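Following: one structure in structure tokens, then a few remarks.
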There are 2 protein chains.
Amino acid sequence: MARRAEETRERIDRTALRLFAEKGVDQATINDIATGAGIAEGTIYRHYKNKEELIWGLFSSNYVALADRLDRLQEAETGLRAKLEAMVSMFCSLYECDPAMFSFLLLVQHRQLPRVTPAMPSPVKVVREVLSQAMERGEIAPRDPEPLTAIVFGIVLQPAVFKVYGRIERPLTELSSQLAEACWMALKPTSIGTG
Amino acid sequence: MARRAEETRERIDRTALRLFAEKGVDQATINDIATGAGIAEGTIYRHYKNKEELIWGLFSSNYVALADRLDRLQEAETGLRAKLEAMVSMFCSLYECDPAMFSFLLLVQHRQLPRVTPAMPSPVKVVREVLSQAMERGEIAPRDPEPLTAIVFGIVLQPAVFKVYGRIERPLTELSSQLAEACWMALKPTSIGTG
DNA sequence: ATGTAATGAGTGAGCGCTCACTCATTACAG
DNA sequence: CTGTAATGAGTGAGCGCTCACTCATTACAT
């Protein structure tokens with residue numbers, strides 16, 4: 001029945017995400033996931049063609065969902081500063097509510113990013129668009145948006161990485177405004193050219 | 001003879017680093033490395049106890065070497081701004097001369113960082129120390145140095161990641177001063193407290 | 001009764017690693 | 001200088017094992 005199948009699939013997804021984040025994608029076996037979800041190994045293959053598709057399914061759905069949330073947030077705000085604050089704040093609280101998902105995305109991005117097509121929504125595209133539009137509005141100096149996008153991502157992601165490794169102990173949400181401020185300041189300077 | 005053994009070991013190291021960076025640590029097999037280095041599988045075990053030790057050997061030596069280079073650079077400069085510029089510039093040119101090593105460090109850090117002992121030199125410690133001392137000198141406002149360290153790392157590392165994935169096409173060295181400037185600006189603000 | 005979902009023992013490819021062996025190089029006794 | 005013993009890096013077939021994946025069978029809902 002569809003209802004039962006859906007429930008099983010959700011259990012697979014939840015367990016897989018957690019184990020992938022905890023042990024790494026290669027170290028977490030299909031057996032681990034099945035046992036953790038309280039089902040048999042074979043059942044996983046009724047829901048996913050193979051392990052790679054399971055990983056991709058988890059990555060892409062969460063990646064796109066994140067992009068959509070970021071996009072809705074930035075659209076609701078006016079001005080670069082407010083958009084940055086909204087996005088950074090969401091990122092930080094996302095870590096608090098679902099650290100496993102966060103670690104998972106960090107961990108598998110290197111392997112899965114090549115499969116992301118240009119047509120798919122992505123957090124990177126959202127941020128770049130926000131920066132490009134701020135340039136058009138004259139809020140920041142017109143420059144190649146790509147390095148600036150990277151800088152903004154770095155300012156937010158690296159503290160999250162530090163948090164994952166326990167180097168930062170306080171909740172990320174407490175750093176939210178500091179990080180948004182850092183992004184703002186890093187974007188402001190106009191004296192350095194693009195070369 | 002020792003001479004020949006040393007040469008072999010260097011070939012192993014070079015090939016392993018390249019293949020690990022290209023295919024990932026789990027995807028690159030001992031056989032791949034041996035074939036790539038033009039030797040037999042067994043030979044690798046004359047030089048490393050097992051695969052994990054090979055990975056760790058490559059990681060730790062490069063990680064510590066990087067920390068040492070950063071430390072020598074920052075010591076040669078006076079003032080936070082100059083130290084930042086020196087370190088960022090070295091980072092960027094490091095990518096240009098040895099992108100495989102760079103990708104390798106990025107790729108395996110999640111797995112190897114837990115093995116890094118507090119006694120080992122590390123790039124993170126160097127940067128944190130530079131920031132702490134700048135606080136003591138009153139160059140920047142005294143705050144928890146950990147988030148600031150993360151921000152500086154993010155500003156430099158994430159553009160490198162973008163470079164690896166081809167999202168940034170220009171050489172990183174051309175972005176060096178922009179990144180150093182971004183770090184400087186992100187560190188400057190004193191209005192936001194530490195909470 | 002029929003189709004869908006779940007099961008889990010079975011399979012085999014592929015992996016890291018071992019070890020008995022080779023052989024060029026070195027050390028040394030006469 | 002020469003024959004001989006010792007050395008140890010290099011070899012690669014093969015072993016043990018893991019793990020993704022299969023499929024005949026069972027459970028269950030309608």
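Here is the naming used below: chain letters follow the sequence lines, and residue numbers restart at 1 for every chain. Since the structure is predicted, the reported quantities are computational estimates derived from the model, not experimental observations.
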Nearest whole Å is fine: how far is [N] [atom2] from [X] [atom1]?
X	N	atom1	atom2	answer
B:Y48	C:dG16	OH	P	16 Å
B:E41	D:dG10	CD	C1'	13 Å
B:N31	C:dC17	CG	C1'	12 Å
B:I33	C:dC15	CD1	P	12 Å
B:R11	D:dG10	CZ	C1'	11 Å
B:E7	D:dG10	CD	C1'	14 Å
A:D32	D:dT18	CG	P	12 Å
B:R9	D:dG8	CZ	C1'	16 Å

| message | Please determine whether side-chain contact (heavy atoms from CB on, under 4.5 Å) holds for the pair B:V116 and B:L113, giving the CA-CA distance in whole Å, both sets of side-chain angles, and the decisive distance to 0.1 Å. | response | CA-CA 5 Å; B:V116 175; B:L113 281 179; 4.1 Å; yes
| field | Plane angle bin for A:F102 and A:F91 - parallel if under 30°, tilted between 30 and 60°, otherwise perpendicular | value |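 Ring orientation, 0 to 90° scale: perpendicular.
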| request: Quick one: list whatever passes salt bridge (Lys or Arg N to Asp or Glu O under 4.0 Å) with B:D32, sequence neighbours left out. | output: B:K23
| field | Touch class at under 4.0 angstrom, heavy-atom based, for B:T43 against every strand present | value | base
| query | How does protein contact run along nucleotides 23-28 of chain D, one letter per nucleotide 5' to 3', with B for base contact, S for sugar-phosphate only, - for none, heavy atoms under 4.0 Å? | reply | ------
Picking from [options], which would you name as closest to the side chain of [X]?
X	options	result
A:T29	D:dC19, D:dC21, D:dG10	D:dC19
A:R46	C:dA5, C:dG8, D:dG12	C:dA5
B:A40	D:dA20, D:dT11, C:dA6	D:dT11

| Under-4.0 Å side-chain N/O to phosphate OP1/OP2 contact, B:H47 with D:dG10 | yes
| message | Applying side-chain contact (heavy atoms from CB on, under 4.5 Å), can you list everything that pairs with B:S103, at least two apart in sequence or on another chain? | response |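 Listed in chain order: B:A21, B:V164.
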| task | Name the pairing partner of D:dC23, where a pair is Watson-Crick or G-U wobble with both distances under 3.5 Å, or state none. | result |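 C:dG8 - that is the nucleotide pairing with D:dC23, both distances being under 3.5 Å.
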| Base-pairing assignment for D:dC15 (Watson-Crick or G-U wobble, both under 3.5 Å) | C:dG16
| said: I want to check a possible cation-pi pair here: A:R9 against A:Y48, using under 6.0 Å from ring centre and within 45° of the ring axis as the test. | reply: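 That pair qualifies as a cation-pi contact.
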| said: Salt bridge or not between B:K125 and B:E129? Use side-chain N to carboxylate O under 4.0 Å. | reply: no
| query | Charged N to carboxylate O under 4.0 angstrom, A:R115 versus A:E53? | reply | yes
